[in-house]
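Keep in mind that this is a model prediction, so the values were computed, not measured. A, B, ... follow the sequence lines: proteins, then strands. Residue 1 opens every chain.
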Amino acid sequence: MEAKGLEPSNLLTASQALYQLSYAPKWRRATLAVRTSPSESGKGGAGPPQGVNCGTNPPGDPRSRAYPGAMARAYDVGAVETKWQRHWEVEGTYQIDNDDPREKFYALCMYPYPSGAAHQGHVRNYTFGDLAVRYQTMLGKAVLTPFGFDSFGLPAENAAIKTGTHPRTFTEARIVELKSSLTRLGAVYDWRREVRSHDPSYIKWSQFIFLKLWEAGLAYRATAPVNWCPGCQTVLANEQVLPDGTCDRSGDLVYKRDLEQWFFRITAYADELLEALDDLEWPERVKTMQRHWIGRSEGAEFDLLVDGQDGVSLRVFTTRPDTSFGMTYAVVAPEHPLLDLLTTDAQRDAVDELKKRAAASTEIERTSAGDATQLEKRGAFTGSTVHNPFNEQSVPVYVADFVLMGYGTGAIMAVPAEDERDWDFAQLHGLPIVRTVQPPEGWDENGGGAYTGDGAKINSDFLNGLDIATAKAQALDFLERKGIGERKVNFRLRDWLVSRQRFWGCPIPAVYCPTHGVVPVPVEQLPIVAPDDVEFLPTGQSPLASHEGFLNTTCPICGGPARRETDTMDTFVDSSWYFLRFCDPWNDEAPFDPAAARHFMPVDQYIGGIEHAILHLLYARFFTRALIDVGMAPGLGREPFKRYLAQGMIRMDGTKMSKSKGNLIAPEHYYDTVGADGLRLFHLFAGPPFDDMDWSPQTEQVIEGCGRFLDRLWRTLSPTEDQAPAPTRMGEETDADRTLRQATHRTIKAITDDLERWSYNTAVAHCMELLNALQKYARIEGGLHQATWNEAADALLELLAPLAPHVTAELWEQRHPGQPSVHLQRWPTYDPELTRAETVTMVIQVNGKVRDKIEVDPDIAEADAQAAALALPKVVDALAGQEPTRVITRAPRLVNIVL
RNA sequence: GCCCGGAUGGCGGAAUCGGCAGACGCGGCGGCCUCAAAAGCCGUUGUUCGAAAGGACGUGCGAGUUCAAGUCUCGCUCCGGGCACCA
């Protein structure tokens, strides 16, 4: 799973660091300093986390707040966190076996591209994921929590070209870095199940799946114009080209080039992928994005006979067959096979000129809106006319670059009156405009132009007077009755181009034989692994293409000399099935055991960045279906991800925090000050998980505040603290005791609710409130009630355990020596009787304005509530003798007296 | 241009079903402790008028629905993201 814009090296060069230190805002320098010298980040040696809070004290002055909190921390954060991280590793609480009898829960964070040490985006992601793992475990479930690395990809190869390091060496070093910073976060995984895309045992099954899809006709070869990036020396998917026509990694201008490529037939699943979206528990926003991406449109295809060319017809696609009477010209794509035939000698030069320009343009340029006046240059008359079967009239045929061969039939009927682009084009080329829908009154007076809204049909013979929907249906009937056209559904979605002319990817298992053509590599020969002795030069071809040992092979059919496919697969192929491999990663007879997949799938909670909301999720949904349909996963559910949390991104100075922008903030420094627990709490507390978050100077102070909360927790609950409250009182419960008990049970209810609806920020707030209540209770006269205090304290530790796992584990152990860990406790339950309010504040409004509030019984009768309200002196004053016209009573919440 | 989000105190945010706007935290202010500071603790903190009691105003802007709108409807403005003339 690659984030966009990653650069090969994680380390700043000396000059970059110098620049940043000199010119970066003061508060940011410190983190840069920490990042560039992680070895110095030990206790006391770390640079100040921010300049803003340093006050006026000179550096070195012991009074300086340069390292806030660290010297006053209530407990040894580093020692506690290391202790428990080791404990979890040894204990194996979060390793589960496939035959675990407990109810399963599959929690998964998108596996990362190993770009080096973790940054705040990772921290946020894995904090959410780890919370789910620990919470669901406390609910008594067997939680599958695997981790892996999306370890193929361009950055490693670019690094190889630059430095000569083999991509594997480079990648594995990055994996070690990422893993170690994740360990310090205290996120727990079943590392036995780790997978890496570049591992031969994973390559083997990616290739196996490829062969299965090929066998089933879901993988095929076709010549297609592809985006060629001169910088990366590789083909890019349309989706990887930025709107300005440049490569999303290198920034080079991308141009078109015809190549024979491998495709996966995702379009065969277009309808199903669209329809199944409805039932997913995904953010509406993401589902909408996928719907638009698939882009289903219903319409008609029909033939226009070419005048003077016996029997030759031009087939067009339209979503508006009802407007056919308004067709005043037709347009074909520059690549249209009939274009040569349509072009007359007189128009040949103009058409050729246009064809040449279109070939040199990127698709983005051809399809981007731009200035409407440019349309004149972007189209040319072919010299031919075609026959409109609706009104028996002939209209001219134009060629224009904005019509694409890849969508519909590569030819359109143009109806300028009801299409804005057609209108502009008609105006510039002096073509007639005939309205077929009556625009609303005053339309032309208010600027006019194309009218795309609904209205009565006009100038349309048998369709006149109908609305658009009815007219559409009748126009379709007309075409089908006459046998010249049919109803047709078109999709914007295109087949998935999987070939990459790269080295650091999964080799495509195919062989080219002069006699037998393209032949699949026999399964017994898998995996096909790239050789190590390759030269990384930006030659324009994959190093594989020039490696004789790899290139030369024999035909599996005839044994004669043959050539290997040297293209590798798009890394999205690897990420389209890794979640299945996690179910059964040890399997060496199949990618996964169907029974294991049926047991763990679907993923109950999937978490990852919104940047993967379209492509990765769509490809994974397609793959799951394809694997079922080729017989590899009988009985598996067709949707891989039941619930998806689209995590917001972290911004700094208004832009996305990313490596390419050089504005990453490393977590290590915070591990030393507030600890992983403090940093996790901050990420949970900062706002809703799906919202974007701004990293600002204030952020440092909020993180410090989270650390302070944990300090207070420690001082209040640790038996090792001399000042810690010591409950001794037994027996009868006082009012103050009961108040605390209610607070405890209400907090249990609130936090359980919060976690179920992903409202992590309010869950943290509720923990803070309970601690505040505990501290307030600790000051009461007459000593603390033992049972009440212990119940509240233990509940708080349990509720906080998934959020701040280290400190809660330590405090629990101190309070319950020799007993099972807090993480092995069952999630606390509440007594509904105690969560019920004894009194409710009832608001009394006069004309909608709050005039008074009274405490009432929650079960107060409507009549009693009303009577009580009307008797209040403030209400009597406000009424001033007037008789209310209406009294709205919503007992026990509110009474509104309307005059 | 189209599509999808969003806008609430000095700041991050809360308000789950149309019913007390501002939970919790950050920051600020005042105090305690201290030789002093840091840390900690206590209090306070939407704006405004008022000495106070109390009042008025207040969820980007403008309308509307409703007894009642941060929440629903319509029309805007600005910000963020996605998509690119999709026939």
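The side chain of A:Arg73 contributes no N or O atom lying less than 4.0 Å from OP1 or OP2 of B:A39. Contact annotation: A:Arg492 side-chain N/O to B:C83 OP1/OP2 distance is not under 4.0 Å. Considering only side-chain N and O atoms, A:Arg708 lies under 4.0 angstrom from the phosphate OP1 or OP2 of B:G27. Under 4.0 angstrom from either OP1 or OP2 of B:A23 there lies no side-chain N or O belonging to A:Asn772.
Among the protein residues, A:Thr409 comes within range of no part of the nucleic acid, since none of its heavy atoms lies under 4.0 Å from any strand. Residue A:Arg296 is classed as having no contact, given no heavy-atom separation below 4.0 Å to the nucleic acid. Backbone-only engagement by A:Arg285 is indicated by non-hydrogen atom pairs under 4.0 Å involving sugar-phosphate atoms exclusively. If you check every strand for non-hydrogen atoms under 4.0 Å, A:Thr841 touches a base.
Separation of the A:Trp293 and A:Tyr619 ring centroids does not fall under the 6.0 Å cut-off. Not less than 6.0 angstrom separates the ring centroid of A:Phe682 from the ring centroid of A:Tyr670.
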> Passes side chain to side chain contact (heavy atoms under 4.5 Å, CB included), A:Phe390 versus A:Leu479? Steps please.
Replying inline: CA-CA 9 Å; A:Phe390 282 85; A:Leu479 289 170; 3.8 Å; yes
> Checking side chain to side chain contact (heavy atoms under 4.5 Å, CB included) for the pair A:Gln845/A:Ile888: CA distance, chi angles, key distance, verdict?
Replying inline: CA-CA 10 Å; A:Gln845 298 179 330; A:Ile888 287 112; over 6 Å; no
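Computed from coordinates, the A:Arg712 CZ to B:C26 C1' distance equals 13 Å when rounded to whole Å. Atom-to-atom, NZ of A:Lys488 to P of B:A87 comes out at 14 Å; the value is rounded to the nearest Å.
Checked against side-chain contact (heavy atoms from CB on, under 4.5 Å), A:Met768 has the following partners two or more places apart in sequence or in another chain: A:Phe685, A:Phe709, A:Val764. Taking A:Phe317 as the reference, nothing meets the ring-ring contact (aromatic ring centres under 6.0 Å, His included) condition, with sequence neighbours excluded.
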Using residues 889-899 of chain A as the side-chain source, report each donor-acceptor pair under 3.5 Å to any protein atom, sequence neighbours left out, with the distance given to one decimal.
residue: A:Thr889; atom: OG1; partner: A:Gln866; partner atom: OE1; Å: 3.2
residue: A:Asn896; atom: OD1; partner: A:Gly848; partner atom: N; Å: 3.0

> Tell me, for nucleotides 7-13 of chain B in 5' to 3' order, what letter each nucleotide earns: B for a base near a protein heavy atom under 4.0 Å, S for only sugar-phosphate near one, - for neither?
Replying inline: ---BBBS
Write down the protein N/O and nucleotide N/O pairs, taken from nucleotides 65-70 of chain B, whose separation is under 3.5 Å; answer none if there are no such pairs.
residue: B:C67; atom: OP1; partner: A:Arg886; partner atom: NH1; Å: 2.8
residue: B:C67; atom: O2'; partner: A:Asn896; partner atom: ND2; Å: 3.3
residue: B:C67; atom: O2; partner: A:Asn896; partner atom: ND2; Å: 2.6

Table of protein N/O atoms under 3.5 Å from nucleotides 54-60 of chain B N/O atoms:
residue: B:C57; atom: OP2; partner: A:Lys849; partner atom: NZ; Å: 2.9

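Side-chain contact check for A:Thr762 versus A:Arg757: some heavy-atom pair is nearer than 4.5 Å.
Base-pair partner of B:U71: not found among the strands shown (Watson-Crick or G-U wobble, both distances under 3.5 Å).
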